[in-house]
Amino acid sequence: MIDILNTQDEKGPDYEPDNIKEVVNYVNAITYGLDRLESLPFSLRLIREIHQILLTNVRGSTKNPGEFRKSQNWIGPAGCTLENASFIPPSPTEMLKSMSALENFFYEDDHIPALIKIALIHAQFETIHPFLDGNGRMGRLLITFWLCQKRILTQPLLYISYYFKQNRSEYYECLNKVRFDGDWEIWIKFFLQGVAVTSDEATSSAKAILSLKKKYSEVLYNVDNGNSSYQRLLDLLFEYPIVSKKQVSELLNVSEPTGATVCNEFVKLGILVDDTPEKKRYKKYRFAEYVGILQKGTEL
Ligand SMILES: Nc1ncnc2c1ncn2[C@@H]1O[C@H](COP(=O)(O)OP(=O)(O)OP(=O)(O)O)[C@@H](O)[C@H]1O
Ligand SMILES: [Mg+2]
């Protein structure tokens with residue numbers, strides 16, 4: 001997460017390009033999909049297009065992104081074989097039939113509440129496993145995507161992936177109970193619980209961000225002597241929470257020495273924390289309390 005915010009930085013020891021790329025791809029793919037809805041209905045074709053973006057240059061990029069599989073696959077722990085797989089999805093021919101039935105289900109006028117409907121779609125999608133790889137990522141993206149296209153979410157802000165990750169074995173177990181016992185209730189309960197927890201966390205993060213903004217606005221109001229660049233920098237830090245002195249001067253459109261002065265003042269006030277105390281040049285400063293709030297719902 002820090003690495004994603006720190007996009008302008010050189011590579012540090014914790015640099016994990018693949019993790020970053022996956023998140024960047026997720027954002028690009030969902031944004032693309034939502035834009036594309038203007039010209040293409042929510043369909044298998046759109047799912048394939050989104051999948052292609054999702055898997056660009058990351059795990060599975062060599063396994064036909066954007067194309068449904070043409071061979072048998074299986075689900076289970078890493079390295080497992082067809083013999084000891086936890087579950088074997090349908091053959092390619094059956095898979096195509098199932099996907100087309102799923103596409104019909106998207107549009108069925110069944111009065112199923114949207115959250116339950118996407119719970120059903122997600123489980124079916126994972127069970128059908130239409131791609132060679134990236135079925136997990138695509139299936140999770142589908143949840144937020146569905147809620148956006150139903151206008152239940154106005155922005156793609158529900159990040160349920162973290163909940164699935166935190167409760168991975170329960171998540172797998174629930175999916176398998178649907179597959180082997182037809183036990184849909186236990187899956188729906190788990191899913192709805194996940195939506196509730198994720199939404200509550202997002203709400204408290206939003207509240208914490210608002211009160212952080214208020215707190216430092218007041219602090220700055222008392223020290224800035226009419227220096228409007230202080231308030232401006234505070235606003236900008238919510239968009240760019242990790243900055244260098246040079247970036248501060250560019251963002252504020254002031255000279256480098258002025259930018260550096262503002263930056264130092266923010267460090268004194270405890271808003272910015274020097275992230276690179278060992279460095280003399282190319283130092284980075286972090287809006288630590290804000291980054292802390294953002295990090296809470298994203299890392300194990
Ligand atoms: N042991 C298991 N039992 C039940 N379901 C499983 C199991 N292992 C994987 N799955 C399902 O398959 C998905 C992984 O499929 P795939 O590898 O194609 O996608 P991915 O995007 O690479 O995976 P990931 O979810 O790890 O990001 C999981 O998210 C889960 O839905
Ligand atoms: Mg995979």
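Counting starts at 1 for both ligands and their atoms, in listed order.
N167 contributes atom CG, which lies 9.0 Å from atom CD of Q193 (distance to the nearest 0.5 angstrom). In this structure, Q72 CD and H129 NE2 are separated by 11.0 Å, a value rounded to the nearest 0.5 Å.
Of the protein's non-hydrogen atoms, the one nearest atom 17 (O) of ligand 1 is D133 OD1, 3.0 Å. With respect to atom 2 (C) of ligand 1, the closest heavy atom belonging to the protein is Y172 CD2, 3.4 Å. Closest to atom 26 (O) of ligand 1, if we only count protein heavy atoms, is R59 NH1, 3.5 Å. Taking atom 14 (C) of ligand 1 as the reference point, the nearest protein heavy-atom neighbour is G136 N, 3.9 Å. Of all protein heavy atoms, the one lying nearest to atom 10 (N) of ligand 1 is I75 CG2, 3.4 Å. When only non-hydrogen protein atoms are considered, atom 5 (N) of ligand 1 lies nearest to R179 NH1, 3.3 Å. Taking atom 25 (O) of ligand 1 as the reference point, the nearest protein heavy-atom neighbour is R140 NH1, 2.7 Å. The protein heavy atom nearest to atom 12 (O) of ligand 1 is H129 CE1, 3.1 Å.
Residue L175 approaches ligand 1 through these ligand atoms, each under 4.0 Å from one of its heavy atoms: 31 (O). Atoms of ligand 1 lying under 4.0 Å from any heavy atom of N176, numbered from 1 in the order shown and given with element: 3 (N), 4 (C).
Here R137 has heavy atoms under 4.0 Å from ligand 1 in both its backbone and its side chain. Within the 4.0 Å heavy-atom criterion, the part of Y171 lying near ligand 1 is the side chain and not the backbone.
When only modelled atom types and interatomic distance are considered, Y162 and E201 share no side-chain donor-acceptor pair under 3.5 Å. Between the side chains of D200 and T203, not a single donor N or O lies within less than 3.5 Å of an accepting N or O.
Screening W187, F145, F190, W184 for a ring-ring contact (aromatic ring centres under 6.0 Å, His included) with H122, the sole residue that qualifies is W187.
Smallest separation of non-hydrogen atoms from P65 and Q52: CB-CA, 3.9 Å.
Within the 4.5 Å cutoff, no side-chain heavy atoms of F106 are placed close to those of P41.
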Verify ring-ring contact (aromatic ring centres under 6.0 Å, His included) between Y240 and F287, making sure each step is shown before the conclusion. CA-CA 9 Å; Y240 306 95; F287 187 6; over 10 Å; no
Starting from the C-alpha separation in whole Å, work towards a yes-or-no answer on side chain to side chain contact (heavy atoms under 4.5 Å, CB included) for F164 and Y172. CA-CA 9 Å; F164 286 174; Y172 286 0; over 6 Å; no
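At least one heavy atom of S86 sits less than 4.0 Å from an atom of ligand 1. Using a non-hydrogen distance threshold of 4.0 Å, F164 does not register as a contact of ligand 1.
K246 NZ: 12 or fewer foreign heavy atoms inside a 6.0 Å radius. When the shell of 6.0 Å around CG of N253 is examined, it contains 12 or fewer heavy atoms from other residues, nucleotides or ligands. Shown here is E38, whose CD atom has no more than 12 heavy atoms of other residues, nucleotides or ligands within 6.0 Å.
Taking 2.8 Å as the limit, the number of protein N, O or S atoms around the Mg ion (ligand 2) is 1.
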